[in-house]
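One structure is given below, encoded as structure tokens.
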Amino acid sequence: MTNDVLTEATAKVKKLRRSRTDKMVAGVCGGVAELLGVDAALIRIVLVAATLLGFGAGAVLYLAAWLLVPEEG
């Protein structure tokens, strides 16, 4: 019984993956937007604001996600 519950719960978990279809550079924003269920343009705007207002923190986060998050497929 517990294995069935665990299998069902694991099947419903969303995983962060870089998007192959909704990408401008590496697909990080598209993947985050898919995971959160929002438009990728909104994520891109937030990332640019974080880069400009956070002294480059957004760019560092993007590069880290590009290296660490696997591509979908």
Pair up each side-chain donor or acceptor in residues 37-51 with any protein partner under 3.5 Å, not counting sequence neighbours, and list the distances.
from : atom 1 : to  : atom 2 : distance (Å)
R44  : NH2    : D22 : OD1    : 3.4
T51  : OG1    : L47 : O      : 2.9
T51  : OG1    : A59 : N      : 3.2

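- Partners of V60 under the side chain to side chain contact (heavy atoms under 4.5 Å, CB included) rule, at least two apart in sequence or in another chain, do not exist in this structure.
- How far NZ of K15 is from CG of L35: 12.0 Å, rounded to the nearest 0.5 Å.
- Take E72 and apply the salt bridge (charged side-chain N to carboxylate O under 4.0 Å, His left out) test, not counting sequence neighbours, and it matches no residue.
- With contacts defined as side-chain heavy-atom distances shorter than 4.5 Å, the pair E34/S19 qualifies.
- By the 4.5 Å heavy-atom criterion applied to side chains, R20 and E71 are counted as neighbours.
- Under a 3.5 Å cut-off, the side chain of R18 and the backbone N or O of V69 do form a donor-acceptor pair.
- Of all heavy-atom pairs between C29 and Y62, the closest is SG-CE1, 3.9 Å.
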